[in-house]
Participant: 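I'd like to ask some things about the structure below.
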Amino acid sequence: MARCVQSVQEFIQDSFVPMVAVLCSEEAERVTRKNNLNFAELLRPFCRLTSEGHIRDPNNQVQTVKNLRICVNKLVASQNTTSAVLGPTQRQLLSEVVLSCQPQDGAVTNMITVGGYQLNFNGKGCLLIFVFVFLATTPWFEAYRENFLQSMPASDHEFLNYFLACLLVVSSTEAVPVEQFLKLSQEQHRVQHSGEYTNPKWFIPNTLKYYVLLHDMSEGNEHRADTVYEDMKQRYGPQGCYLLKINSRTLSTGEDEQIPDPWSQYLHRNNLHNQVSSLAFSTSNNHFVNILLDTASSSGSLNNLSTVNSDVKRGARDTESLVGGAGSHGICLTLNDHDHIRQFIQEFTFRGLLPHIEKNIRQLNDQLVSRKGLSRSLFTATKKWFGGGKGPEKSINEPKSTCGLLYPPEAPELQIRKMADLCFLIQHYELAYSCYHTAKKDFLSDQAMLYAAGALEMAAVAAFLQGGAPRPYPAHYMDTAIQTYRDVCKNMVLAERCALLSAEILKSQGKYSEAASLLIKMTSEDSDLRSALLLEQAAHCFINMRNPMVRKFAFHMILAGHRFSKAGQRRHALRCYCQAMQVYKERGWSLAEDHINFTIGRQSFTLHQPENAVIAFREILANDSRQTATQQGAFLREYLYVYKVNTWPDGISLPQLPLPCIHSSATRVYFGHERRLAEGEKQAATHVSLDQEYDQDLAAMWRHLEEQLVAAANRGLVPGNFQPTQSCLNSHTDNLRHPFAVVEEPIIVEVTFRNPLKVSLALSNLSLLWKFSVEGASLSEEMSEGLSGKALTNEDALALGMFCILVAMLTYSMDFILFIGQQMMDMMVVHGKQDLRIQGPRLNQTKEDKMLIRHGPDRRLEPIITPPMPLMEVFFLQFPTALLCGEVRKAYVEFCNVSSVPLCGLRVASTHPDFFTFGSQATTPLTPVSPASSENCSAYKILATPHQLGSVTSEILVSPEDFNQPSGVIEIPIDGCTLQPGESTQLPLWLRGPDQEGVHEINFLFYYESTEKGIKISHRVLRHKVFICASRSLSVQASVCHSSIPPPNCGLDDKDCSGALVFIDVENINTSDAAVREFLIVQVSSSSQNWCLHKCINPAKDKDCKLTSRERAKLCFRATRCKETDKNKIKNNSAFPHPLLLYVQIVSSSTPCGDFFFRCCQNSQRVNVVSSSCKSQGSLSTENTVSDITNIVKKCNELDLNIIVIWKAYVIEDNKQLILEGQLHVALQAIGKEASSLTPKQVRNLTHTLRETCFSNEMLLKMILSVSSLCVVPVTLTLSNCSLAHVDVIIDLRHKSVSPVFLEVHTSFTWVGQTQYKLQLKPQEMLSLTLQACFLKPGVYNLNTLRVFAKPADQDAMCETSQQIASPALIIINNA
């Protein structure tokens, strides 16, 4: 049970007190009414004695009476009979008492902490946290209990509520006061002994009459009052009368002196009693006046009461309207008068009441002692045989049952019970227990169960209250009494009183479980109010146990709330549900939460608390519910109904809606203009849209491209305040800083909705709410002054039905329509809003951030509006989606300025800078272009005057700066470098298919700036993404080997005439595309700083080079070193075979051929012509070369030669033949290493070539061998020193080759003559040596069987290396 203000001993003592009646004359009532009180009300605040009293028991032992309180009530006579249940009047009284006593908000003492739960009992249901923990109190229960106990009617089986004395009050202003006393005495005697009235009941026949002379100090004659009082003492004795002087205060002095009002706390309930009584009087024919019950020591403060006829749903009660204004009681009394009244009560009690009780106890004891000589059994037998008037009789009106036995007043059993009650009232609990125990046995033997139950009840209470040697509390007495009252006697009133007493006693002993069980058993359907209060107290018992049972507490609080609701106590029902909610909330009890919130919402709405009702219903709808669709629909209808009733006046912000749920972290914000749709064949740039999903890798890629563009625009440096452009913000982007939005450009907010219910919802009229704060610097002075300190918003306009769209959005409003099945409920349309509050990322930097839960800001919904900025749109024309590998195609790109601000600084960066080029005038020489270029729609520039057949290839010198794009950023060449507002320009765009087949994702980032500087947005970007499907075309493989044959018109001693052979294998690998018919090799060009490519040396019979599927062609070109004067220049050498050109030569150094070539070289990092400067061979000194063999070997193999193969493809599409063009690149880096246009292969040769050998036979390739003779053939061996150092060479002809490559040919021949030579070659010297080979039989022979060793001349033999084996030197020997 909840903690009470009183102790259990004080509670029981105040529940059973001596009863005193008051009977006043009319004049005495008039005197007391000056204070707005009757005489009983006047005495009530002073009825508790402050000093101890003493009394002697029958054994002449002095007993101390402490803290005694008496109950003084006005004498009321009625003919009502005692009932086993409370009547409607009493029920109404108790209901009003509980309703008027409500918990005070914010009380710190209404808080308990149990385990992980912190429960608040202040009636609000909100969680409060305090350092100290206090137990909860329930003043409404204490007020109910006190009123219930003291409003119980007097019963025939006990005497506790019987009157012991009667105060006869007469005013001193009466003409003959003694006659008035006589009349009052006769009236009291008539009421007690005439038999006309059943109520009130009197304890003993000889009731104590105490005569009080009331003197009004403001009116009466004090001397006359004293004279009358002296006469009274002569008549009634000094202990039987008293002179009470009051009203010493005059109205003139009343305003200056503040006198306390001790009557207010007692008169609230009296006023309520009177109102309930007047209601009962109006519906009953019996005349009676209610006895005013004492309500002192109540733990609850009844500050709010209401009349019976008022609406019980009203929670606030006006106290002053019922009992008058504050300080209206006792207005004619002074503090001395208070002392006089207090002294009067003490005199009456000590000199009148206690001696009277002591006397009656002695008399009863003497009567019982005189009968002790009779045996109990004999006494019982006498009653059975002779009947007599002392045995119990059956009541005529009662049914024939054990609860209907009635003893006559002089029955010895009743005398024992009467003595026990007297002893109990004066706190002589030991003698009272003995008498109760004796009476219990007699009643049980007579089967008088009602009397027995009463004796058992009071015996248990007396045993508990005994001092000294503790007698164990007989709880079984109480259980038996409760069971008898409830089941046998059917008297729930007495059973309830017994349960209240027993539960309080068990609670004081810490037996909360037994107390809870007892209270729960007392619940029934006959009284919802009683059941609710007892269930609530049982819940408090569970929470106050040593091991608190929190869930049982919550469950019984819900049961109590339900019964409170049935009893009409909606405020208490709401409080119970709120307290239970603290246990079930966020514990996984979703169904229980739904039920509690639904009930809280209904009760709050009934109590005219629509705001709380909306909050409760919102909790049901906001959380994921496990209810059925039907139940969810019912919840939603209730919420919408409450929502519609809760209207708000104009000008107030829109209310919050719980549905649909918003996934705030998934909110995306798009800043920018909506792109125009492409017209015709145009293809608009993709840029950024809400349809695109966020990818972290792509975001990093776009940031890198933007950094490249910003660095290119700022002389290679990225500014420190650089902030990457984020057109679409989401939970993954950096939202710590305010985004920028341009004025007059829309902001699109994507909100993710989720319907947690199984009921369809329809949203309409969604509008974004915004709030705009103005910066003074951004507006004119007049606007700034008018708007300073004020935030603009469109919420008020939306509340009035007006809609407006601006730039900064914080929340949204909507109409909310409920669909259930297929039927639309027209009445369920509400208008409200939801706030978009986005929680930033959790901070995890400092120690405090890791220990606490802190979140950073998320400002994606807080943009900064900037002045107008340029806005560009990009369109592509004739842009392909599929290309052959290396295919070159021409498209067009259009740039449009759709803003009112000019733009400049147009640049572009891409993930594939080798995929496209714009070209420029600088990279296109002013060479006349032939008409064939336009006729064939070729992407290349063609010379008007081709070379003649057999002529030497031409060389075109190109400046390195023309193709210099080291950062990958391309400046777009537009006229004037500026696009004016509304202006557009179109540029050609050359595309080249990727070298690898497959689908390629290619990203473009266009960059542009405003012509106005110093604004917050320094630049803007535009994204574009394309996918290109690349198909196989040609495969080009190239290799280089040294050539010992000097070029024409070059002597052997000319160092600059050293040459090499370039072998190019071209294969058609396009096997999957049937539309590609054949490829044609148009031209082969080269680019190098050190080498020049000459014409093709293939046999002349190869008229053309057409390749169908899987065909291969091999081309051979002669290459020579450049002259010293041209080594610092970049040469574009266009070498072409005679049959392939058709008298047309492509300018491979111009756009787009040159652009694609140089960009491919930069990206592959195989050739970096511009960024790296090559050192000339002459810069190396001979001494350093000789000393470092590694550098010598590396330098000998270095080759800086790039091959460009230009081709055409004939394609059949839609029964038409199309001609496609393209180019492939091969970079040759070293002699002997093969290079490919597909995947470069690095072929490592472990032998480092210092020299090269070559066999030649200028006479015959075929020799005729006779049968009977030998064939001797002269063979010339040519040695070439490719290094810049002297080399010692050893030639050994005795070596036989064992290589598997040469085993296929005959090796049965021998060298004749000298078989070993030692020679020395000068730097870059060529030497011919004549050898003799002898053959024995016909066949094909390989002459390359000798071994050649070489070493630097100044090194020892350890540096000698075996040279690589040259290609086979075959000779055919035939028979003669």
Side-chain angles (χ1 to χ4, degrees), residues 678 680-685 874-894 908 910-920 923-924 929 932-942 970 972-973 986-1004 1024-1034 1036 1068 1070 1072-1073 1075-1083 1085 1144 1146-1148 1150-1160 1163 1204-1214 1216-1225 1237:
E681 298 181 356
K682 291 183 180 181
Q683 177 183 351
V874 179
F875 299 96
F876 297 89
L877 289 82
Q878 303 177 10
F879 201 93
T881 57
L883 294 172
L884 296 176
C885 292
E887 178 186 351
V888 177
R889 190 175 297 186
K890 187 177 183 180
Y892 294 91
V893 59
E894 182 178 352
V908 63
S910 175
T911 54
H912 297 72
D914 56 343
F915 173 71
F916 68 98
T917 181
F918 290 96
S920 64
T923 58
T924 304
V929 180
S933 177
S934 59
E935 291 176 1
N936 298 331
C937 298
S938 174
Y940 297 106
K941 295 184 182 295
I942 302 174
I970 301 175
I972 300 176
Q986 191 176 98
L987 296 177
L989 179 67
W990 286 273
L991 309 175
R992 179 179 177 272
D995 290 329
Q996 294 183 358
E997 66 172 334
V999 179
H1000 297 264
E1001 178 183 330
I1002 301 175
N1003 299 284
F1004 299 87
H1024 181 58
K1025 178 188 295 185
V1026 294
F1027 292 91
I1028 298 296
C1029 180
S1031 304
R1032 291 183 179 182
S1033 57
L1034 297 178
V1036 178
N1068 182 358
N1070 185 284
S1072 59
D1073 194 353
V1076 180
R1077 192 178 65 180
E1078 63 180 4
F1079 285 88
L1080 174 64
I1081 307 301
V1082 177
Q1083 180 173 302
S1085 302
V1144 174
I1146 295 175
V1147 184
S1148 56
S1150 63
T1151 298
C1153 183
D1155 301 71
F1156 290 131
F1157 164 70
F1158 282 103
R1159 289 178 188 172
C1160 290
N1163 292 337
I1204 304 173
V1205 178
I1206 301 176
W1207 51 265
K1208 288 185 178 182
Y1210 297 93
V1211 180
I1212 303 298
E1213 183 177 341
D1214 296 335
K1216 295 181 181 180
Q1217 177 174 317
L1218 302 179
I1219 300 177
L1220 306 181
E1221 296 177 308
Q1223 63 187 64
L1224 298 174
H1225 311 124
S1237 63

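Bear in mind the structure is a predicted one, so any value in this text is a computation, not a measurement.
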Participant: Sequence neighbours left out, what passes side-chain contact (heavy atoms from CB on, under 4.5 Å) with Cys1153? Give chain and number order.
Facilitator: Tyr940, Ser1148, Ile1204, Ile1206, Gln1223
Participant: Working to the nearest 0.5 angstrom, can you tell me the gap between Glu1221 CD and Lys890 NZ?
Facilitator: 11.5 Å
Participant: Please report whether the ring centroid of His1000 lies less than 6.0 Å from that of Phe915.
Facilitator: no
Participant: Can you measure from CZ (Phe918) to CG (Leu989) and round to the nearest 0.5 angstrom?
Facilitator: 5.0 Å
Participant: Could I get the full list of side-chain contact (heavy atoms from CB on, under 4.5 Å) partners for Ile1212, not counting sequence neighbours?
Facilitator: Gln1217
Participant: May I ask you to decide if Phe1156's main-chain N or O and Asp914's side chain share a donor-acceptor pair within less than 3.5 Å?
Facilitator: no
Participant: Is Ser1033 reaching over with its side chain to a backbone N or O of Cys885, donor-acceptor style, under 3.5 angstrom?
Facilitator: yes
Participant: Nearest 0.5 Å please: distance from the NZ atom of Lys1208 over to the CD atom of Gln1083.
Facilitator: 11.0 Å
Participant: Around Glu681, counting heavy atoms of other residues, nucleotides and ligands shown, do more than 12 lie under 6.0 Å from its CD?
Facilitator: no
Participant: Do the side chains of Phe916 and Val893 get nearer than 4.5 Å, heavy atoms only?
Facilitator: no
Participant: Given 3.5 Å as the limit, does a donor-acceptor pair link the side chain of Thr881 with the main chain of Ile1028, or not?
Facilitator: no
Participant: What distance do Leu991 atom CG and Phe879 atom CZ have between them, rounded to the nearest 0.5 Å?
Facilitator: 5.0 Å
Participant: How long is the span from the CG atom in Asn1070 to the CZ atom in Arg1077, to the nearest 0.5 Å?
Facilitator: 13.5 Å
Participant: Which atom names give the shortest non-hydrogen contact between Leu883 and Pro880, and what distance separates them?
Facilitator: CD2-CG, 3.8 Å
Participant: List for me each residue that meets side-chain contact (heavy atoms from CB on, under 4.5 Å) alongside Glu1213, sequence neighbours excluded, and say none if there are none.
Facilitator: Leu1218
